[in-house]
Amino acid sequence: MSKASAPGKLILFGEHFVVYGLPAIATAIEARTTVGVEKADKYSLEDNRPETPGYKTEKYGQQLDSIKRIFKAMRINPDKTPVKIALGGNLMAASGIGASAASCSAIAAALNDYFGLGLDKETLNGIAYEGEKGYHGVPSGIDNSCSTFGGFIWFKKDQANNTITPLGLQLSLSIVIGNTGITSNTTKIVGEVKQQKEANPEKFNVIFDIYSSLVNDARAAIEKKDLDGIGKLMNKNHGLLREIGVSCKEIEELVDIALKNGALGAKLTGTGRGGLVIALVNEEDARKVATAFERAGYRAEMTKIGAEGVRVE
Ligand code: PMV
């Protein structure tokens, strides 16, 4: 039996702006998907991950395709060397949290260990990326890079080649995630932002310029481990996201609650118009912010970012 685990991810800076080639910073979160691989008479898959209702059924076909791609990339023939793959852990199988990438990365690492292939992290990341294609067609690669390398990842989309640079520092930050309970449609909202941009090019140019210097400051603040600085820049980033029209009443309420209860900064993460809000907190304030979210009727989760990447357990 071999076992491996890999973390999910959040976008800390740059959702939406990343679509237009501006840099983003993503980070691994503490919650992980675990994968066990063991000998079996016949290949089988068991998925015990907690989930947003309906998620696993909806993604089942893509999951099978993804695992087939991983086997192929690793030159493993599951008919000749059958194994049972079992998924578990505390990372929610849900949208926007890098669940598919975490599973791909952990499956690749567990198979690597079980078959004694001796592959390094770069190679495992490439295999996880192949697996991600089963879910996302042409993925950006940011999610699997977070799951594999962990920590903080600097990412820039490019026509030819995406830049994916692990910032390579040890920094664990406490955050509270507030959940609006609203599932948003990424394709639709990305399309609406594009329309807005075409209708107001000058406004968007100004916002893009502000964001471009903000994200460089954010990278510097992370590298200096300047929590107050990171928090302030999260607030600024959120302001820009609000201006491009991807916030909503529930997100604003969560951001407001977080800041009133001592968060160093708060912003939406991912697509927006629903989904999740992240609040950066000093560890001792995490419970207070989480309770305040819950009192207002939202689900809250206290976790850490900058978590360790894929590992054999
Ligand atoms: O909601 P998520 O975590 O899948 O993030 C979407 C991020 C966007 O920038 C809005 C879209 C994208 O493809 O980068």
Side-chain angles (χ1 to χ4, degrees), residues 6-29 31 33 51-52 55 58-59 62 66 91-105 128-129 132-147 152-159 161-164 175 177-197 204 207-208 211-212 214-215 218 234 237-238 240-248 250-251 254 267-278 299 301 303 305 307:
K9 74 99 206 334
L10 284 174
I11 300 179
L12 192 55
F13 292 97
E15 46 281 280
H16 291 286
F17 301 110
V18 72
V19 173
Y20 299 93
L22 302 176
I25 300 173
T27 178
I29 62 171
T33 287
E51 67 169 330
T52 291
Y55 178 93
E58 198 184 313
K59 301 272 177 182
Q62 295 178 3
S66 166
L91 176 68
M92 266 290 176
S95 302
I97 198 118
S100 60
S103 75
C104 290
S105 185
Y129 181 76
E132 275 280 88
K133 288 184 185 169
Y135 291 95
H136 299 301
V138 187
S140 68
I142 192 168
D143 287 14
N144 51 275
S145 299
C146 279
S147 294
F152 296 82
I153 305 269
W154 177 264
F155 177 83
K156 198 165 177 299
K157 199 172 130 183
D158 204 302
Q159 300 237 292
N161 236 329
N162 295 332
T163 310
I164 297 173
I175 61 160
I177 303 177
N179 192 335
T180 63
I182 303 164
T183 304
S184 49
N185 180 328
T186 305
T187 313
K188 178 169 168 274
I189 296 173
V190 167
E192 285 171 16
V193 171
K194 184 158 177 274
Q195 275 176 6
Q196 286 284 321
K197 182 176 176 291
F204 271 73
I207 294 174
F208 279 20
Y211 174 74
S212 297
L214 186 159
V215 70
M234 286 170 70
N237 189 169
H238 182 69
L240 299 178
L241 289 163
R242 190 193 296 132
E243 279 195 50
I244 65 167
V246 296
S247 190
C248 65
E250 292 79 3
I251 288 176
L254 283 164
K267 64 183 278 293
L268 71 86
T269 180
T271 304
R273 298 262 189 86
L276 307 177
V277 163
I278 47 172
R299 284 219 330 246
E301 192 188 331
T303 185
I305 56 173

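Being a predicted model, the structure only gives us computed values, none of them experimental. Computation of the quantities below employed the complete heavy-atom set of this structure, encompassing side-chain atoms and omitting hydrogens, waters and symmetry-equivalent molecules. Residue indices begin at 1 and follow the sequence shown. As the structure lists them, so they are numbered: ligands from 1, and atoms in each ligand from 1.
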Measure the spacing between CG of Asp143 and OG of Ser105 and express it to the nearest 0.5 Å.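 One finds 11.0 Å between CG of Asp143 and OG of Ser105.
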Could you give the side-chain donor-acceptor pairs of residues 93-104 under 3.5 Å, partners two or more places apart or in another chain?
from, atom 1, to, atom 2, distance (Å)
Ser100, OG, Glu132, OE1, 2.7
Ser100, OG, His136, NE2, 3.3
Ser103, OG, Ser100, O, 2.8

Would you indicate whether the side-chain heavy atoms of Leu268 and Val246 approach each other to under 4.5 Å?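 Touching, per the 4.5 Å side-chain cut-off.
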Polar pairs, ligand 1 vs protein, N/O only, below 3.5 Å.
from, atom 1, to, atom 2, distance (Å)
ligand 1, 1 (O), Thr271, N, 3.1
ligand 1, 1 (O), Thr271, OG1, 2.8
ligand 1, 3 (O), Gly96, O, 3.4
ligand 1, 9 (O), His16, N, 2.9

Can you list everything that forms a ring-ring contact (aromatic ring centres under 6.0 Å, His included) with Phe152? Sequence neighbours excluded, please.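 Result, ring-ring contact (aromatic ring centres under 6.0 Å, His included) vs Phe152: none returned.
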Would you call the rings of Tyr20 and Phe208 parallel, tilted or perpendicular, where under 30° means parallel and over 60° means perpendicular?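 Tilted.
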List the residues meeting salt bridge (Lys or Arg N to Asp or Glu O under 4.0 Å) with Glu192, not counting sequence neighbours, and say none if there are none.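 For Glu192, the residues satisfying salt bridge (Lys or Arg N to Asp or Glu O under 4.0 Å) (neighbours in sequence not counted) are Lys188, Arg273.
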